[in-house]
Structure formats: structure tokens, C-alpha cells
2 protein chains.
Amino acid sequence: MPAQQRRITLKYLAAKLGVSTATVSNAFNRPDQLSPKLRDSILAEAKRLGYNGPDAKARSLRTGRSCIIAVVLAETLTYSLNDAVASEFLSGVAEVLDAHGHTLLLLPGRGRTQSPGSASMADGFIVYGLMPTTTLLDGLPQQCPRVAVDFDIDGCAAVHVDNQPASYAIARHALAGGAKRPGIVNLRLTEQPCNGRITHQTLLPEKHTITRSRLAGFHQALHDHGIDPKGVPMWNIEENTFDVSAPVIEDILDLPAGERPDLLLCMSDRIALTALTLAEQRGLRIPEDLRLTGFDGIREGQYRAPRLTTVRQDSAEKGRLAASMILGIAPRQRQVLTTELLLGDSCP
Amino acid sequence: MPAQQRRITLKYLAAKLGVSTATVSNAFNRPDQLSPKLRDSILAEAKRLGYNGPDAKARSLRTGRSCIIAVVLAETLTYSLNDAVASEFLSGVAEVLDAHGHTLLLLPGRGRTQSPGSASMADGFIVYGLMPTTTLLDGLPQQCPRVAVDFDIDGCAAVHVDNQPASYAIARHALAGGAKRPGIVNLRLTEQPCNGRITHQTLLPEKHTITRSRLAGFHQALHDHGIDPKGVPMWNIEENTFDVSAPVIEDILDLPAGERPDLLLCMSDRIALTALTLAEQRGLRIPEDLRLTGFDGIREGQYRAPRLTTVRQDSAEKGRLAASMILGIAPRQRQVLTTELLLGDSCP
DNA sequence: CTGTTAGCGCGTTCAT
DNA sequence: ATGAACGCGCTAACAG
């Protein structure tokens with residue numbers, strides 16, 4: 001027995017008790033493999049010595065499992081954690097992981113060319129949102145399960161919401177109210193970063209991004225309503241925050257009254273709420289002077305007056321489903337969740 | 001050389017290239033220990049075979065470091081991720097960790113009697129908010145660094161904000177406006193869970209909880225203003241969410257006009273915003289009929305009309321500081337951050 | 001500059 | 001029901 005151990009290990013505990021390491025291991029992991037009496041005495045001694053069970057690092061090396069699931073976020077962690085939709089998604093993920101004894105590791109997708117080495121620690125990966133480059137995904141271990149959320153990876157399970165039908169539905173509703181000058185505020189839809197007015201030429205090529213699908217829904221609705229989508233002005237927002245979207249929205253609201261849109265179809269609640277705030281500051285009446293629609297259904301848009309007209313997507317459920325798939329509880333398919341039209345006061 | 005390896009390892013790569021494992025290891029970890037030519041050829045072959053660098057599990061066992069920092073959250077993950085203050089804190093933590101090649105592991109404090117085994121994976125622990133029990137903290141590895149946030153652990157670095165002076169300042173400001181019937185809405189201050197009106201008898205004993213400090217600030221201000229704090233009605237909210245606080249707030253607002261407070265000192269912006277929303281629904285004028293103060297300074301309270309009068313605490317900075325302490329960049333002391341009085345329209 | 005070797009702490013098989 | 005021995009994949013110390 002070593003004189004004084006700086007850290008208590010299973011081996012040390014075994015030596016101290018005069019049993020083998022296997023027995024101590026079994027005491028923690030396979031209660032049926034030893035007598036209850038022995039087990040209890042081992043656990044008691046462990047507690048007395050302040051030994052908190054097998055070391056996670058060694059255990060994970062040996063078993064190959066860490067009970068850690070990583071969520072790779074397309075944006076920076078800072079952004080994602082401050083975004084209501086991403087946070088709600090994460091909370092759904094956390095709920096399921098927690099219920100199954102797993103923990104949540106957060107990995108940033110942006111800002112880092114190479115995923116940190118600790119990435120390979122995870123038992124599985126949930127990839128949330130389109131990555132700016134795929135280099136990061138290639139860096140992930142090939143073998144372990146992945147689930148993509150809000151976009152697609154070849155041959156990989158995925159969770160989506162019905163973006164295009166939902167956008168179509170809300171745009172139809174809004175147009176039925178009789179808009180003279182509709183406008184669309186996009187979210188990151190251009191090839192090059194651009195914060196402001198855009199044309200159809202500068203759009204990203206058709207891809208399976210959620211914002212592209214939402215735009216397709218808007219355009220379809222405009223078309224069905226007898227309006228040529230190409231004539232409808234569009235603006236682009238680079239980041240879904242108040243600070244980034246505010247200048248663009250200000251430009252829109254400060255247009256001469258005859259040019260200013262009387263309906264803004266926004267790709268997110270954050271954008272719509274920014275418009276709402278800035279419009280109120282300018283004394284514009286909602287919905288008389290300006291009608292607004294959002295997308296997401298975040299709480300902030302509903303716990304205020306006027307309530308936002310929007311599409312509610314259940315981000316928490318998206319998270320729960322993605323987590324269930326990773327853990328193998330739910331089948332690893334491609335699933336599309338349905339959304340719900342929320343008729344608020346911003347576009348009755 | 002084994003016939004067919006199911007997973008590529010450093011050893012396999014070394015055998016394949018006819019060099020020793022140490023050399024391959026050095027190629028990844030200590031570029032100066034081998035010729036650039038050899039290094040390049042090793043990295044090239046690694047890439048070709050799809051080997052993404054040393055396995056994190058094995059590496060962490062060997063080096064003792066995982067480059068993972070755990071944040072233990074007092075509440076459930078679901079709650080914390082949906083709370084603006086906690087999210088902002090986490091984003092500050094993530095920012096610093098990310099900049100230093102570390103990743104963030106989220107551990108729930110509530111709802112689990114024993115921390116998951118994977119906890120011992122972390123190199124350090126940031127403990128955010130008072131734990132319901134200390135059993136969880138005892139389960140954490142003793143040796144590795146800890147930082148407490150918003151409360152104190154014996155002999156442990158800590159980050160705080162100046163809760164009591166800040167509460168004193170905002171209460172003084174509010175009372176200077178001339179309140180006839182002030183009231184206080186607390187956040188989880190009773191021994192037993194209680195959602196509603198409370199008396200001084202049911203209060204938790206004096207402890208170093210942030211809400212207790214805030215209450216002390218309120219009481220001091222009332223006293224200095226010539227009002228006996230014991231005569232001021234108090235309500236308690238069990239969870240800082242709209243859904244939980246709404247019934248209590250409704251009871252307050254639905255009191256007969258002569259009993260209804262004309263000033264509510266709220267312990268959080270979330271509570272104050274709930275009061276604002278519900279008051280608006282009842283046609284009460286803010287601040288004429290009811291004046292409201294919050295605490296935290298979350299965005300949601302400022303990007304709306306009327307803007308909330310509140311105390312702004314820089315949660316992100318709190319997170320950055322805590323992370324810096326854990327990484328050893330900042331000295332591991334007890335630090336108290338200052339706050340800022342934000343004069344909005346809800347209590348001018 | 002490169003190779004050899006000895007564990008890091010543990011789980012598991014195969015003995016008894 | 002219990003113990004001895006092996007190796008998970010890697011890095012650090014040392015030898016050449």
C-alpha cells in the first residue's frame with residue numbers, strides 16, 4: 001500500500017480494503033456481481049475516503065463511452081446563447097439528455113477553423129444550423145452518431161420544421177389583409193455579407209437553408225395573390241440581433257410615406273420585434289400604418305402589446321427529438337415538425 | 001501491422017508510416033520536436049486516412065487535462081437556458097473559454113441527487129447560483145479549481161455584484177418619486193416553497209443569497225425614507241418565469257384600488273415585465289397608476305415601451321470573469337462587480 | 001532529431 | 001463470489 005496517495009483511485013481503495021480492483025469496480029458498476037454486504041462496506045469506505053466513483057476520463061477510455069453529447073452550433077456560442085430560438089432548442093436537448101444521465105457539451109461552429117480536440121470526447125453530435133464551412137464537420141469522428149437540425153447532411157438523420165408551408169400560410173394571411181406595398185426582411189440570404197437592401201441577383205443559390213425555404217414560401221404566396229415577387233423589395237439582415245437589424249429597419253421605416261412598406265414579412269420574430277420597437281418610437285401605428293409578421297413564436301413576442309403575428313415553431317420539441325435520436329430512443333430518420341400560425345395584433 | 005483496423009489510432013498510423021508512436025504524437029503536439037518534412041508527411045498521411053488527431057479520451061487520461069470546463073447551474077438546464085440572465089452569463093463564460101481552446105459542459109444542479117459521472121471529466125467548475133443542497137458540490141472532485149458565482153463557497157474564489165447597494169439605490173430613487181403604497185415582489189425567499197403573499201416570519205434566515213441582499217437594500221431604503229419595512233407588503237415568487245409569477249402578480253393588481261400598491265419593487269426584470277404586461281392588459285397606466293422597478297437590465301426590458309427602470313448588472317462580464325478565474329488568467333479572489341442604475345419610463 | 005518504455009485509471013475476461 | 005492480468009490510446013521522460 002502506497003504511503004500517501006495524492007488522489008484516491010480505485011486501485012488504492014482496493015489495496016486499502018484488501019480486495020481486488022475488479023471487486024471495487026463491480027461494487028460501482030455491477031451490484032449483482034458481489035455480495036450486498038461486501039458492496040456496502042466498499043461504498044462506505046469509498047465515501048469515507050472521499051472517493052466519488054470511477055474516474056470519468058479513465059472510464060471513458062476503457063468503455064469508449066463518455067455519456068457526453070455535443071451540440072455543435074452554427075453560430076458563436078455567445079450569439080446562440082443569447083438567441084431565444086437556439087436557447088429553447090438547447091433546453092429541449094438538455095431535458096432529454098439529463099433524463100438519461102448524459103451531459104451537454106457546447107461546441108462553437110463559427111470563429112474556429114478547427115474543432116477543439118475535446119470534440120472527440122463526445123458520444124454523439126447534434127449539429128444545429130448550417131455550418132459556414134464543412135471543414136468542421138469533417139473534423140468530427142466519423143463513426144459516432146450525428147443528427148442535423150434545420151439543415152441536411154448527406155446520409156444523416158435530421159430534424160426540420162415545415163418552413164416553406166408555414167411561410168406560405170402566414171404570407172397568405174397577411175396579404176389577404178390587403179397590403180399595398182409589401183416588403184420582405186430576410187435573414188442572411190446573400191452570398192456576401194450584406195446588411196441592407198438587396199436584389200434577387202445577390203441571393204444565395206437555391207439551397208436547403210431554412211431562410212431560403214421561408215423566402216420560397218413568401219414568394220409563392222405573393223405569386224398566388226397576383227403580385228410579382230420580383231417587384232417586392234427585400235432587405236437582408238446579417239445577424240438575428242437587435243443591434244445588427246436596427247439600422248436596416250430604420251432605413252426602411254424612414255423611407256418617404258409613399259415608398260415605405262405597409263407590410264413587412266420578417267423571417268424571424270427578433271427582426272419583427274425590432275421593427276415593432278422602432279416603429280413605435282416613430283409614432284407609427286401598428287397595424288394601421290404598418291403590419292408586421294414574424295417567424296419563430298418566441299415568448300417575447302407574445303408577452304407584450306401588440307402581440308406579434310407569427311409562426312410558432314416548437315424549438316424545445318426540436319431539441320427533444322434531436323436528443324432522442326442521438327440517444328437511439330427515437331428512430332434516426334428525417335423528421336419534419338409542423339408549425340402553428342399565431343394570429344397576434346401586429347397583423348390581424 | 002494489423003490487417004484492418006476498425007478505427008484509426010496513433011499507433012496504427014505510426015506502424016503504417018514506419019515511425020514510432022512518439023513521433024506521430026509529436027507531429028501533432030510538439031512541432032519543434034521533429035523535422036518539418038517528416039511532420040508534414042505524417043500530417044498528410046493522417047489526413048488521407050481520416051485520422052483527426054489524438055483521441056480526446058485517451059489524451060485526457062494521460063495528461064490529466066480535458067480542456068473542458070463545467071458550469072454547474074443551480075436550476076434545471078431547461079430553466080437556465082431560457083432565462084436571459086443565466087444565458088447571458090453563459091455566453092460570457094463561453095466567450096472566454098472558446099478563446100482559450102476550452103469547451104463548455106453544462107451540468108444541472110437541480111433535479112439530480114448525484115452529479116453524473118462525467119462530471120469528473122472537467123478541469124474546473126464554475127458554480128452558478130446557490131445550490132439547493134451541497135451534496136452535489138461534495139460530489140465534485142476536490143482538487144480541481146472552482147469558482148462560485150452569486151454566492152459563496154468556503155475558501156473558494158467568487159464573483160458577485162453589489163446587490164445590496166444597487167437595490168438600495170433603485171429603491172431610494174423610486175421612493176423619492178413619492179409612493180403611497182409601496183410593495184415588494186421577492187424571488188424565492190421563503191423557507192418552504194410559496195407562491196404568493198408572505199410575511200416577515202416566513203422569510204429565509206439571513207444568508208448570503210442574492211435575493212436576501214436585495215431585500216436588505218430595499219428595507220434600508222424604506223427605513224431611510226421614514227417607512228417601516230415591516231408595514232410594507234411582500235409577495236414571493238417561486239420561479240423567475242412569466243407563468244409562475246403571473247398568478248401572484250394578478251392577485252396584486254386585482255386588489256381594490258385603495259389597497260393596490262402604487263409602487264412595486266421587483267427583484268428581477270422578468271417579474272417586473274410580467275407586472276408590466278399584466279398591468280397593461282388591465283388598462284393601468286404606467287407610471288401614473290403603478291410604478292415598477294426591476295433588477296438585471298435584460299434587453300427585453302429596454303427594447304420596449306415603456307422602458308423598464310432597473311439595475312443593470314453585466315452578466316456577460318460576470319461570466320467572462322468567472323471563466324478567466326477558472327483558467328487562471330485572472331487571480332482567484334472574491335470580486336464584486338458594480339451595477340448601473342437604468343432610469344426607464346416605468347418609474348421615472 | 002527519433003525511438004523505447006512505462007504507465008495514466010479503469011473494465012473485463014478468464015481463471016479459481 | 002473473487003482476483004490476476006491485459007490493454008483502451010496516448011504522452012512524457014529518457015536513451016540513443
Side-chain angles (χ1 to χ4, degrees), chain A residues 2 5-42 46 49-67 117-123 141 143-144, chain B residues 1-2 5-43 46 49-67 117-123 141 143-144:
Chain A
Q5 198 97 353
R6 31 177 48 250
R7 197 175 117 200
I8 293 122
T9 71
L10 189 147
K11 189 159 98 184
Y12 173 75
L13 187 60
K16 187 112 183 172
L17 283 162
V19 296
S20 88
T21 58
T23 304
V24 181
S25 174
N26 283 334
F28 283 98
N29 302 319
R30 317 167 117 192
D32 54 315
Q33 295 296 307
L34 73 175
S35 65
K37 210 184 88 188
L38 180 56
R39 180 177 132 92
D40 286 346
S41 76
I42 290 175
L49 289 175
Y51 177 73
N52 290 311
D55 177 74
K57 296 199 251 289
R59 182 215 265 277
S60 73
L61 173 59
R62 182 60 237 223
T63 62
R65 299 183 337 120
S66 60
C67 289
S118 44
S120 62
M121 197 85 75
D123 292 340
Q143 303 293 347
C144 65
Chain B
M1 189 186 320
Q5 198 97 354
R6 32 178 42 253
R7 197 173 119 197
I8 293 125
T9 72
L10 190 145
K11 189 159 99 183
Y12 174 75
L13 188 58
K16 188 111 182 173
L17 282 163
V19 296
S20 87
T21 59
T23 304
V24 180
S25 176
N26 282 334
F28 282 99
N29 301 319
R30 317 170 122 193
D32 54 315
Q33 294 296 305
L34 73 174
S35 66
K37 213 185 85 187
L38 180 58
R39 179 175 135 93
D40 287 346
S41 76
I42 290 175
L43 294 183
L49 289 175
Y51 178 73
N52 291 313
D55 176 76
K57 296 199 250 294
R59 181 216 271 275
S60 72
L61 173 58
R62 179 62 234 230
T63 62
R65 300 184 332 122
S66 61
C67 288
S118 44
S120 63
M121 196 85 77
D123 293 339
Q143 303 292 347
C144 65

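No experiment lies behind these values; they were computed from the predicted model shown. Letters go in sequence order (proteins before strands), and every chain restarts at 1.
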Under 3.5 Å between N/O atoms: give me all the protein pairs with nucleotides 3-7 of chain D, atom names plus distance.
residue	atom	partner	partner atom	Å
D:dG3	OP2	A:Ser20	N	2.9
D:dG3	OP2	A:Thr23	OG1	2.8
D:dG7	N2	A:Arg62	NH1	2.9

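The overall bend of the helix from C:dC1-D:dG16 to C:dT16-D:dA1, read as the angle between its terminal helix axes built from five base pairs each, is 30° when rounded to 10 degrees.
Between B:Pro54 and A:Ser120, the shortest heavy-atom contact is O-OG, 4.3 Å. Shortest non-hydrogen contact noted between B:Phe28 and B:Ala46 is CZ-CB, 4.0 Å. When every heavy atom of B:Thr21 is checked against every heavy atom of B:Lys11, the shortest pair comes out as CG2-CA, 3.7 Å.
Partners of B:Ser66 according to the side-chain contact (heavy atoms from CB on, under 4.5 Å) rule, which considers only residues two or more places apart in sequence or in another chain, are A:Met121, B:Ser60, B:Ile68, B:Met121, B:Asp123. Take A:Ser25 and apply the side-chain contact (heavy atoms from CB on, under 4.5 Å) test, not counting sequence neighbours, and it matches A:Leu10, A:Asn29. In this structure, B:Arg62 has no side-chain contact (heavy atoms from CB on, under 4.5 Å) partners at least two apart in sequence or on a different chain.
Taking only side-chain nitrogens and oxygens, B:Ser35 comes nearer than 4.0 Å to OP1 or OP2 of C:dT2. Put simply, B:Arg59 has a side-chain N or O that comes within less than 4.0 Å of OP1 or OP2 on D:dT11.
If you take CG of B:Asp32 and C1' of C:dC1, they are 11 Å apart, rounded to a whole angstrom. Taking atom CG on A:Leu34 and atom P on C:dG11, their separation rounds to 14 Å, with Å as the unit. Here C:dT4 presents its P atom at 13 Å from NZ of B:Lys11, a figure rounded to the nearest Å. The distance between atom CZ of A:Arg65 and atom C1' of C:dG11, rounded to the nearest whole Å, is 13 Å. Note: NZ (B:Lys57) to C1' (C:dG9) measures 15 Å, nearest angstrom. Distance, B:Phe28 CZ to D:dT11 P: 9 Å, rounded to whole Å. Counting to the nearest Å, the C1' atom of D:dC8 and the CG atom of A:Asp55 are 14 Å from each other. Between B:Ile42 atom CD1 and C:dT2 atom P there is a gap of 8 Å when expressed in whole angstrom units.
Taking CG of A:Leu13 as the reference point, atom CD1 of A:Ile42 lies at 7.5 Å (rounded to 0.5 Å). Between A:Tyr12 atom OH and A:Leu17 atom CG the span is 10.0 Å, to the nearest 0.5 Å. Going from atom OG1 of A:Thr23 over to atom CD of A:Gln33 covers 10.0 Å, rounded to the nearest 0.5 Å.
Using a 4.0 Å heavy-atom criterion, one finds that B:Leu61 contacts the bases of the nucleic acid, with or without backbone contacts as well. As judged by a 4.0 angstrom heavy-atom cut-off over every strand, A:Leu10 is placed among residues touching the sugar-phosphate backbone only. Looking at heavy-atom distances under 4.0 Å, B:Tyr51 makes contact with sugar-phosphate atoms alone, never a base.
With D:dT2, C:dG11, D:dC10 as the candidates, the nucleotide lying closest to the side chain of A:Gln33 is D:dT2. Taking every side-chain heavy atom of B:Thr63 into account, D:dA12 is the closest of C:dG11, D:dG9, D:dA12.
Within the structure, salt bridge (charged side-chain N to carboxylate O under 4.0 Å, His left out) pairs that include any residue of residues 49-60 of chain A comprise A:Arg7-A:Asp55 (at least two apart or interchain).
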